[in-house]
Visitor: 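Below is a structure I'd like to ask you about.
Chain naming here is simple, since letters A, B, ... match the order of the sequence lines and numbering starts at 1 in each. What you see is a predicted model; the values in this text were computed from it and never measured. All heavy atoms count here, side chains included; hydrogens, waters and symmetry mates do not.
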Amino acid sequence: MVRTRIAPSPTGEDLHIGNLYTALFNWAFARKHKGHFIVRVEDTDQKRLIQGSEQRIMQTLKDFGLDYDEGIDKDGPFSPYRQSERLDLYKKYAEQLVEQGHAYYCFCTPDRLEKVRKHMMEEKKMSMYDRHCRNLKSHDQPAASDGKLTPHTIRMKIPDDRKISFQDEVRGEISVESNTLDDQVILKSDGYPTYHLAVVVDDHLMEISHVIRGEEWISSTPKHILLHEFFGWEKPTYIHMPLLRNSDRSKLSKRKNPVWASWYLQQGFLPDAVLNFLALMGWSHPKEEEIFSLEEFVEVIDLSRINTVGPIFDMRKLEWMNGEYIRQSPISNLQSQILKYFGDQYPKDIVEKTTPLIQERIKTLKEYDEYCRFFIEKPNKYEINLSEYREILKTLYDGLEKIGDNDWKADNIGENMQVVAKDLNISFSKFFMYVRVAITGKKVTPPLNESMEVLGKKESLQRLQASMV
RNA sequence: GGCCCCGUCGUCUAGCGGUUAGGACGCCACCCUUUCAAGGUGGAGAUCACGGGUUCGAAUCCCGUCGGGGUCACCA
């Protein structure tokens, strides 16, 4: 059975867009193969934990609609799914490696490690641990007066002169000399595992079949391979996704781009549009289609079409795609999304009446406000210092006033206005811009006739009048 | 710096030995038009990083160079 997972760390404000990106592929791949998609929380760094982060990450995942089969709040056969609740497991396996001679206790202090690192840098060597504690005999191990060992970590013992290689599903064989690998700490002195141990233990125990993660993990994968070998466990299939990039091609970062997935929702992007956009980063539809549903993505996803080049995150294209999604939305759907987005800022009937007017004009939900604010707020007066402006509005006012309350419909309003414009012998574009500005206070608006219908006769005439003074 | 990954229009990409190197975003022009959009038509934009091979033939295969990125923590 195909089992995939994402493993967010609650060390950021929210779900990182890069995590959402890998989540999407993990999710789709699992769905395609009728497998399970699992969310495991990797909260092993006590120092960097951020209050409320876990909750926000899970909420954002739900907001995007990537449903999971097992996770911290969805029990499965391999619970718990929060690493901080699995500490005894990691300790047990780490000790096992020590017994088997694949790992060892390290009593080096941070101070000493820092010195070693500096020294090696000076000699222009790689900054690697000098293996100081690797061959300590047990009677050499520092112990406190009560006989207990002083604080220590457990490091894995990297074998000498070995070529370690693994198959990456999209990149082929990747191999590295073991001599370039560090004796990595796998269990910290606070009893928590490092990523390397935790990920290997959990992926095995949770029977993860495919590890789909970011390219940044390639260089530590050989350590994971080694750990699997030490334990005698079968290895999962590895797929390393390209990294999303800033426009300067560096790894997507907070400084240069919005990275929190929820930010995109707050900006009025639709979850499915964001996901569709993400699907096209480093992957392409077999028929080169651009707009497709999640359902279709699941159907056609094919790991072999994953690219190895890190794509630049292009907000412009995201905006275009979001506009496509907005235009494709059933009107009732769009209406409820707008209502939800603006909370109680806009009355329901206004949203219902105006949504059809702006559906093909907005690229994000947020833009609704730019077009429709004038429906719920008197516009600022648009200063036009032309005497003809007032005269025109006055003539129009008189014409519109004659329309009966029940005939205050876009068509009638439009016809009436055209008659007035013709009588005045003024070009439509000029005439209607005057009216537009008087009614809405803006030069860019939804269609005028319909807008005036929505505003109502009384309000429309009032606004004309207000512009005349 | 060591190691690893990568290199097709500005951007996302198709391509998997023979194509006028195709599409999408963005940009420009025109059409439509009561503003703005949307829609339609057309256009500019890639010596396929560079240099060597292999081959009748290379964006596609091999080697080198250059360039970019990632990673080298008791962070993930």
Side-chain angles (χ1 to χ4, degrees), chain A residues 7-12 42-48 106 108-110 113-114 117 121 124-129 151-155 168 171 174-177 179-182 184-196 198-199 213-222 240 242-243 245 247-251 277 280-291 305 307-321 323-324 327 358-363 367 370-371 414 417-418 421 427-433 435-437 440 442-449:
Chain A
S9 286
T11 52
E42 312 219 321
D43 55 346
T44 56
D45 186 346
Q46 292 298 292
K47 295 182 209 89
R48 295 199 311 155
C106 174
C108 294
T109 61
L113 293 175
E114 187 56 34
R117 207 167 289 136
M121 293 291 252
K124 281 190 175 178
K125 278 194 198 164
M126 258 185 303
S127 89
M128 286 211 302
Y129 177 57
H152 58 278
T153 63
I154 293 181
R155 286 180 186 271
D168 182 290
R171 292 162 205 265
I174 295 175
S175 68
V176 66
E177 288 299 323
N179 297 349
T180 65
L181 265 29
D182 206 354
Q184 188 60 239
V185 169
I186 55 175
L187 200 75
K188 301 183 248 184
S189 58
D190 64 0
Y192 280 75
T194 59
Y195 173 84
H196 309 287
V199 77
R213 66 201 338 178
E215 185 184 353
E216 59 203 334
W217 294 110
I218 290 180
S219 51
S220 47
T221 304
H240 289 96
L243 252 25
R245 313 291 185 98
S247 54
D248 64 1
R249 296 220 165 267
S250 56
K251 180 161 92 166
F277 173 73
L280 253 15
M281 297 270 90
W283 183 84
S284 59
H285 186 108
K287 288 181 187 156
E288 275 208 83
E289 277 165 31
E290 303 260 341
I291 308 284
R305 293 189 72 82
N307 260 139
T308 46
V309 197
I312 290 172
F313 194 95
D314 181 8
M315 199 73 79
R316 297 259 193 161
K317 187 152 185 178
L318 208 209
E319 279 170 4
W320 163 76
M321 185 162 283
E324 288 285 312
R327 272 171 257 133
I358 49 75
Q359 179 166 27
E360 59 187 30
R361 283 162 228 274
I362 60 175
K363 293 203 287 288
E367 284 182 77
E370 290 165 32
Y371 275 101
M417 291 201 286
Q418 291 200 6
S427 77
F428 279 1
S429 61
K430 192 174 182 184
F431 173 80
F432 284 107
M433 188 50 82
V435 183
R436 182 180 313 283
V437 150
T440 70
K442 302 180 76 170
K443 282 187 163 179
V444 175
T445 71
L448 233 204
N449 305 348

Visitor: Enter the distance from A:Gln184:CD to A:Thr153:OG1 here, rounded to the nearest 0.5 Å.
Guide: 10.0 Å
Visitor: Base, sugar-phosphate alone, or nothing: which one does A:Gln418 contact when heavy atoms must sit under 4.0 Å apart?
Guide: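 Base: the residue A:Gln418, judged by heavy atoms under 4.0 Å, touches a nucleobase.
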Visitor: If you look at every strand shown and take non-hydrogen atoms under 4.0 Å, does A:Ser9 touch a base, only sugar-phosphate, or nothing?
Guide: sugar-phosphate
Visitor: Got a donor-acceptor contact below 3.5 angstrom from the A:Asp314 side chain to the A:Arg316 backbone?
Guide: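 Side chain of A:Asp314 to backbone of A:Arg316, a donor-acceptor pair under 3.5 Å: yes, one is there.
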Visitor: Select one nucleotide: of B:G15, B:C74, B:G69, the one nearest the side-chain heavy atoms of A:Arg155.
Guide: B:C74
Visitor: Would you say A:Phe428 stacks on B:U34, if stacking means ring centres under 5.5 Å apart and planes within less than 30 degrees?
Guide: no
Visitor: Of the listed nucleotides (B:C74, B:A76, B:G15), which one gets closest to any side-chain atom of A:Arg305?
Guide: B:G15
Visitor: Under 4.0 Å, heavy atoms only, any strand: does A:Cys106 hit a base, just the sugar-phosphate, or nothing?
Guide: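 It contacts nothing in the nucleic acid.
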Visitor: Does A:Lys287 have a side-chain nitrogen or oxygen under 4.0 Å from the phosphate oxygens OP1 or OP2 of B:A24?
Guide: no
Visitor: So, is A:Lys47 near the phosphate of B:C75, with a side-chain N or O under 4.0 Å from OP1 or OP2?
Guide: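 So the side chain of A:Lys47 is within the cut-off, an N or O lying under 4.0 Å from OP1 or OP2 of B:C75.
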Visitor: Could you let me know what B:C27 is paired to, Watson-Crick or G-U wobble, both distances under 3.5 Å, or none if it's on its own?
Guide: B:G43
Visitor: Tell me the closest heavy-atom pair linking A:Arg249 and A:Gly310, and the distance in Å.
Guide: NH1-O, 3.1 Å
Visitor: Where each residue is assigned the nucleotide of RNA chain B containing its nearest heavy atom, which of A:Asn449 and A:Gly282 is assigned the position nearer the 5′ end?
Guide: A:Gly282
Visitor: Assign A:Gly214 to base, sugar-phosphate, or nothing according to its heavy-atom contacts below 4.0 angstrom with the strands shown.
Guide: nothing
Visitor: Measuring only the P atom in each nucleotide, how far is B:U8 from B:A49? A whole number of Å is fine.
Guide: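 Pairwise P distance, B:U8 against B:A49, rounds to 6 Å.
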Visitor: In whole angstrom, give the distance that lies between atom CD of A:Gln46 and atom C1' of B:A73.
Guide: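 After rounding, the reported distance stands at 17 Å.
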Visitor: Keeping A:Ser9 on the side-chain end and A:Thr11 on the backbone end, is there a donor-acceptor pair under 3.5 Å?
Guide: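 Checking the backbone N and O of A:Thr11 against the side chain of A:Ser9, no donor-acceptor pair under 3.5 Å is found.
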Visitor: Using a 4.0 Å heavy-atom cut-off to protein, can you give one letter per nucleotide of nucleotides 38-48 of chain B, 5' to 3': B if the base is in contact, S if only the sugar-phosphate is, - if neither?
Guide: SS---------
Visitor: B:C72 pairs with which nucleotide, Watson-Crick or G-U wobble, both distances below 3.5 Å?
Guide: B:G1
Visitor: Please work out if A:Leu187 contacts a base, only the sugar-phosphate, or nothing of the nucleic acid, heavy-atom cut-off 4.0 Å.
Guide: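 Contact class for A:Leu187: none.
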Visitor: For the side chain of A:Tyr371, counting heavy atoms from C-beta on, which of B:U35, B:U13, B:C36 is nearest?
Guide: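 Per side-chain heavy atoms of A:Tyr371, the pick is B:C36.
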Visitor: Return the pairing partner of B:G64 with a 3.5 Å limit on both distances, Watson-Crick or G-U wobble; otherwise return none.
Guide: B:C50
Visitor: Starting at atom NE2 of A:His152, determine the distance to atom P of B:C74, rounded to an integer number of angstrom.
Guide: 15 Å
Visitor: Of all the choices, B:C74, B:C36, B:G70, which nucleotide is nearest to the side chain of A:Lys251 once you look at every atom?
Guide: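 Looking only at heavy atoms from C-beta outward on A:Lys251, the closest nucleotide is B:G70.
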Visitor: Using the six-membered ring wherever Trp is involved, compare the ring planes of A:Tyr195 and A:Trp217 and label them parallel, tilted or perpendicular (cut-offs 30° and 60°).
Guide: parallel
Visitor: Paired with B:U34 by Watson-Crick or G-U wobble geometry, both distances under 3.5 Å: which nucleotide is it?
Guide: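 Its partner is none (no Watson-Crick or G-U wobble pair with both distances under 3.5 Å).
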Visitor: Rounded to the Å, how far apart are A:Tyr192 OH and B:A73 C1'?
Guide: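 Value for this atom pair: 19 Å.
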Visitor: To the nearest Å, how far apart are A:Met128 CE and B:G2 P?
Guide: 14 Å
Visitor: Whether the side chain of A:Ser189 and the base of B:C74 hold a donor-acceptor pair under 3.5 Å is what I'd like checked.
Guide: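 Yes, a donor-acceptor pair under 3.5 Å.
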Visitor: Between B:G7, B:C25, B:A76, which one does the side chain of A:Thr308 approach most closely?
Guide: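 The answer is B:G7.
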Visitor: How long is the span from the CE atom in A:Met417 to the CG atom in A:Asn449, to the nearest 0.5 Å?
Guide: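 Result: 4.5 Å between the selected atoms.
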Visitor: With P as the reference atom in both, quote the distance from B:C66 to B:G10 in angstrom, rounded to an integer.
Guide: 24 Å
Visitor: For B:A76 and B:G18, measure between their P atoms and round to the nearest Å.
Guide: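 About 49 Å, rounded to a whole number of Å.
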Visitor: Looking at A:Tyr129, I'd like to know if the NZ or CZ of A:Arg155 sits under 6.0 Å from its six-membered ring centre while staying within 45 degrees of the ring's axis.
Guide: yes
Visitor: Taking CD1 from A:Ile312 and P from B:G7, how many angstroms apart are they, rounded to a whole number?
Guide: 14 Å
Visitor: Identify which nucleotide among B:A73, B:G23, B:C3 has an atom closest to any side-chain atom of A:Glu288, counting heavy atoms from C-beta outward.
Guide: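 Of the candidates, B:G23 comes closest.
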Visitor: Quick one: closest heavy-atom pair of A:Asp43 and A:Tyr192, and the distance?
Guide: O-CE2, 4.0 Å
Visitor: Can you tell me the distance, in whole Å, between the CZ atom of A:Arg171 and the P atom of B:U71?
Guide: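 Interatomic distance, CZ of A:Arg171 to P of B:U71: 13 Å.
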Visitor: Can you figure out which of B:G70, B:C74, B:A76 approaches the side chain of A:Ser219 most closely?
Guide: B:G70
Visitor: Please confirm whether the backbone N or O of A:Pro242 pairs with a side-chain atom of A:Asn307, one donor and one acceptor, at under 3.5 Å?
Guide: no
Visitor: Tell me the interatomic distance from A:Phe313, atom CZ, to B:G26, atom P, rounded to whole angstroms.
Guide: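 Atom-to-atom, A:Phe313 to B:G26, this comes out as 15 Å.
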Visitor: Within a strict 4.5 Å, meaning less than it, do heavy atoms of the A:Ser250 and A:Arg245 side chains meet?
Guide: no
Visitor: If I pick the C1' atom on B:A21 and the same atom on B:C62, what distance separates them, to the nearest angstrom?
Guide: 23 Å
Visitor: With a 4.0 Å cutoff (strictly under), does any side-chain N or O of A:Asn307 reach OP1 or OP2 of B:G7?
Guide: no
Visitor: How far, in whole Å, is B:C25 from B:G43 if one measures between their P atoms?
Guide: 16 Å
Visitor: Is the distance from the ring center of A:Trp320 to that of A:Phe277 below 6.0 Å?
Guide: no
Visitor: Using only modelled atom types and a 3.5 angstrom limit, is any donor from either the side chain of A:Arg48 or the base of B:C75 paired with an acceptor on the other?
Guide: yes
Visitor: Counting only side-chain heavy atoms from C-beta out, which of B:C5, B:U34, B:C4 sits nearest to A:Arg436?
Guide: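 The closest nucleotide is B:U34.
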Visitor: Look at A:Ser220 and B:U71 and indicate whether a side-chain polar atom (N or O) is within less than 4.0 Å of OP1 or OP2.
Guide: no
Visitor: Would one find a side-chain N or O of A:Arg249 under 4.0 angstrom from OP1 or OP2 of B:C12?
Guide: yes
Visitor: For A:Pro286, which contact category applies under a 4.0 Å heavy-atom criterion: base, sugar-phosphate, or nothing?
Guide: nothing
Visitor: Need one value for A:Met281: base, sugar-phosphate or nothing, where a base atom within 4.0 Å counts as base even if backbone is also close, heavy atoms only.
Guide: sugar-phosphate
Visitor: Base, sugar-phosphate or nothing for A:Pro110? Non-hydrogen atoms, less than 4.0 Å.
Guide: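 Base contact - A:Pro110 has a heavy atom under 4.0 Å of at least one base atom.
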Visitor: When you measure from the side chain of A:Glu216, which nucleotide among B:U71, B:C75, B:A14 comes out closest?
Guide: B:U71
Visitor: In this structure, are over 12 heavy atoms from other groups packed under 6.0 Å from A:Lys363 atom NZ?
Guide: no
Visitor: When we call it a touch if two heavy atoms are under 4.0 Å apart, what does A:Pro222 touch: a base, just sugar-phosphate, or nothing?
Guide: nothing
Visitor: Is there a Watson-Crick or G-U wobble partner for B:A21 with both distances under 3.5 Å, and which nucleotide is it?
Guide: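 Paired with no nucleotide.
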Visitor: Between B:A76 and A:Thr44, is there an OP1 or OP2 to side-chain N/O distance shorter than 4.0 Å?
Guide: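 The answer is yes; a side-chain N or O of A:Thr44 sits under 4.0 Å from OP1 or OP2.
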Visitor: With RNA chain B as reference, determine whether A:Val176 or A:Trp217 sits nearer its 5' end, using the nearest nucleotide of each.
Guide: A:Val176
Visitor: Counting heavy atoms from C-beta on, name the nucleotide in B:C5, B:G23, B:C75 closest to the side chain of A:Thr194.
Guide: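 So the side chain of A:Thr194 is nearest to B:C75.
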Visitor: At under 4.0 Å between heavy atoms, what does A:Ser247 touch on the DNA or RNA strands: base, sugar-phosphate, or nothing?
Guide: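 The answer is nothing, as A:Ser247 stays clear of every strand by at least 4.0 Å.
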Visitor: Can you check the A:Arg245 CZ to B:G68 C1' distance for me, whole Å?
Guide: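 A:Arg245 atom CZ is separated from B:G68 atom C1' by 8 Å.
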